[in-house]
Amino acid sequence: MSSLNPAQRAAIRYLDGPLLVLAGAGSGKTRVITEKIAYLIDTCGFNPGNLAAITFTNKAAKEMQARVDKLLAGRSTKGLTISTFHSLGVRILREEVKAIGYKPNFSIFDATDCFAVLAEIAGSTDKATVRRLQTLVSNWKNALVTPELARKNAQNETELRAADAFAAYCTTLRAYQAVDFDDLIALPVTLLRDHAAVREKWQNRLRYLLIDEYQDTNAAQYQMLRLLTGARAAFTAVGDDDQAIYGWRGADIANLRELPRDYPNLKLIKLEQNYRSSVRILQAANALIAHNEKLFDKQLWSELGPGEPITVSVCANGEKEAESVVMKLQAHRFQQRGAFGDYAILYRGNFQARALEQFLREQRIPYLVSGGQSFFDKTEIKDLSCYLRLLNNTDDDPAFLRAVSVPRRGVGAATLQALGNYAGQRQRSFFAVLGEHGLAQHVQERQLAPLLEFHDFIERFRQRAAREAPALVLPELLAAIGYEAWLLSQDEPRTARTRWANVVEFVDWLAAKGAEEGKTLSEATQAIALVNMLDRTTPEVDAVRLSTLHAAKGLEFKHVFLIGLEEGILPHREAQIDNRIEEERRLMYVGVTRAQRSLHLSYCEKRRQGRELIPCRSSRFIDELGRADLRFSGGGEPSPPDRSLNAERFAGLKAILNKQAG
DNA sequence: GCACTTTATGTTTTT
DNA sequence: CATAAAGTGC
């Protein structure tokens with residue numbers, strides 16, 4: 001435990017009660033968690049099986065596991081839980097399903113599946129409407145609001161209709177034997193709350209909890225934590241209110257603010273020494289975040305010297321910005337004789353990566369995009385997951401609909417419509433009514449053959465999948481449906497080849513997973529829903545990292561480029577109201593504090609919106625960094641606030657407020 | 001009624 | 001660029 005500072009050491013050794021560690025960016029918070037796990041096992045004699053560390057992303061969980069393994073080299077960590085909130089939720093659900101009337105082979109719906117269910121219920125094809133409803137439902141679940149309560153709280157006709165849709169949505173999911181992401185927290189909470197025996201069992205099993213990124217917990221996750229820790233309240237929560245960037249997902253900083261109230265004997269330890277960034281970067285970050293209403297006072301400091309000045313480039317438009325950033329990065333790298341892997345380019349939205357990728361390819365600079373479209377969201381992978389989901393749970397209608405249509409087998413929209421009506425009338429799933437004798441009366445005669453053939457086909461593989469490992473069955477299923485040929489017939493040869501390569505990679509991933517933990521079909525299927533990026537360990541590759549600001553949290557880079565610093569991008573156009581501006585500011589803060597040695601900012605004077613180039617204004621956050629250490633280039637300093645532009649901004653704000661009132 | 005082709009269109013952030 | 005809606009041939 002050498003080279004820990006006194007605050008870190010205190011945080012690791014404190015065991016007398018609940019502990020909140022306020023860990024500033026780069027203050028070694030992951031280190032505190034991993035060292036504390038080692039301390040609890042080595043020095044305090046905890047059984048690893050009685051410890052759980054909870055993170056928000058798989059990436060964080062994986063990294064933590066690796067660091068713990070290294071720290072405890074040789075000693076057993078068997079039974080140690082290091083997982084995301086959602087994975088822990090699945091584990092609890094799987095063990096306790098019978099208490100809430102689900103089968104253990106339940107499906108996990110992703111956002112697309114849930115969207116389709118809600119669209120059907122609302123009878124709406126308008127995307128914006130359904131999306132609003134989806135957010136509403138998600139917010140209710142995250143706040144542990146039941147359909148009944150939502151109905152009671154409804155203020156007007158619209159809210160009442162939404163609450164009814166919510167109720168119907170829950171019923172439908174239950175009929176499908178399916179849960180959504182929010183259920184993975186909400187259901188375990190109700191379970192632990194309402195069943196004392198279950199609660200005691202889990203409290204007994206998880207005797208000490210460590211929670212990472214505590215500021216990102218939502219109400220449901222906080223309740224889960226309370227129920228798991230119980231009266232003993234043996235936990236360490238580590239967080240940073242300045243890095244709370246998931247408010248839009250229901251995360252609530254109130255959980256941080258109210259922790260001292262809920263636990264009067266809560267011990268508070270602050271980590272303020274930053275081991276990551278040079279002084280100039282840290283000063284800029286401190287100046288920026290000072291514009292937020294602060295929850296806890298915190299001043300980061302560093303012993304790492306002044307470092308390079310922060311540069312700001314003004315570019316004509318998005319393409320020019322991408323080009324300039326790539327050129328600047330090249331020049332900087334030559335001058336420093338550095339590696340590509342020392343550089344990251346960070347941005348607000350995924351779409352900003354495209355222009356960058358183009359120039360990086362042109363310059364033959366290796367790069368990796370993190371965030372962005374997940375491997376498991378690719379069409380070919382979703383196709384196969386749906387087959388697995390259907391084999392695992394034949395009540396999973398969304399999976400049925402996809403599997404029955406890919407590849408095409410002579411069953412089209414009209415037939416599925418008729419089948420859906422029949423299934424609805426019989427109160428059974430699509431797959432179930434395929435086996436009924438009455439089927440012939442409800443679909444066209446010539447449709448009968450392909451439908452029955454599909455039913456047989458699934459049934460045959462289902463029996464095999466019950467006995468054999470999914471990774472063995474899947475390749476045969478692929479051959480049986482002629483998937484490779486289908487891909488070739490659908491796409492250009494080279495896209496078809498990449499897609500098939502993805503399929504092969506997916507099968508390999510499944511095999512590796514299965515070998516690792518002896519996964520059953522239902523475990524594998526559920527794991528697929530939760531694991532987002534294919535966990536290829538690629539830190540070895542020397543490549544520039546492209547990442548959204550959200551996905552960059554928890555990472556650090558020697559040199560950071562932060563692009564698109566314009567009003568409307570960062571802060572985002574739809575985040576003009578006060579508390580959301582604060583979250584955008586924290587997002588900027590996260591970006592700034594990723595940098596160790598140098599930080600390069602850029603923004604455009606004009607940006608393409610649709611087919612037109614719209615003039616834009618530099619982000620207010622640039623001004624808030626303090627001018628002292630900024631070096632401008634490309635177009636001089638940003639123009640002083642211009643009245644016409646302010647008027648424009650005001651008009652935008654008014655439009656938003658009107659929309660909300662109406 | 002089904003399958004495949006063309007055309008428009010649009011993108012906050014993620015478990 | 002990748003998906004979704006509308007249009008065309010069978």
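Labels below follow one simple rule: chain letters A, B, ... track the order of the sequence lines, proteins then strands, and each chain is numbered from 1.
For A/Ile108 and B/dT14, the CD1 to C1' distance is 15 Å, given to the nearest whole Å. What separates CG of A/Leu549 from P of B/dT14 is a distance of 10 Å, to the nearest Å. Nucleotide B/dC2 holds its C1' atom 15 Å from the CD atom of A/Gln417, rounded to whole Å. In this structure, the CZ atom of A/Phe351 is 17 Å from the P atom of C/dA2, given to the nearest Å. Regarding A/Arg446, its CZ atom lies at a distance of 10 Å from the P atom of B/dG1, rounded to whole Å. The interatomic distance linking A/Glu380 (CD) with C/dC1 (C1') rounds to 14 Å, in whole Å. Atom-to-atom, CD of A/Gln490 to C1' of C/dA2 comes out at 14 Å; the value is rounded to the nearest Å. Between A/Leu448 atom CG and B/dC2 atom P the separation is 14 Å, expressed in whole Å.
Among the nucleotides B/dT14, B/dC4, B/dG1, the one closest to any side-chain atom of A/Thr548 is B/dT14. In the set B/dT14, B/dG1, C/dC1, the nucleotide with an atom closest to the side chain of A/Arg354 is C/dC1. Here B/dT14 is the nucleotide among B/dG1, C/dC1, B/dT14 with the atom lying nearest to any side-chain atom of A/Trp248.
In this structure, A/Glu583 CD and A/Ile253 CD1 are separated by 7.5 Å, a value rounded to the nearest 0.5 Å.
Contact annotation for A/Arg409: backbone-only contact, meaning every heavy-atom pair under 4.0 Å involves sugar-phosphate atoms and none involves a base. As judged by a 4.0 angstrom heavy-atom cut-off over every strand, A/Phe85 is placed among residues making no nucleic acid contact. When heavy atoms are screened at a 4.0 angstrom cut-off, A/Arg408 is found touching the sugar-phosphate backbone but no base atom.
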Check against side chain to side chain contact (heavy atoms under 4.5 Å, CB included), A/Phe109 and A/Tyr176: CA-CA 10 Å; A/Phe109 279 9; A/Tyr176 291 157; 3.6 Å; yes
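Taking the nucleotide of DNA chain B with the nearest heavy atom to each of A/Lys127 and A/Thr57, the more 5' of the two is matched to A/Lys127. Residues A/His550 and A/Gln447 both approach DNA chain B. Their nearest nucleotides, taken by heavy-atom distance, put A/Gln447 toward the 5′ side.
Remark: of the listed residues A/Arg389, A/Lys382, A/Arg402, A/Lys382 is the sole one forming a salt bridge (charged side-chain N to carboxylate O under 4.0 Å, His left out) with A/Asp110. Of the candidates A/Arg607, A/Lys606, A/Arg573, A/Arg620, A/Arg607 is the only one forming a salt bridge (charged side-chain N to carboxylate O under 4.0 Å, His left out) with A/Glu566.
Remark: aromatic rings of A/His572 and A/Trp248 are distant, center separation not under 6.0 Å.
In terms of phosphate contacts, A/Asn58 brings no side-chain nitrogen or oxygen within less than 4.0 Å of OP1 or OP2 of B/dT14.
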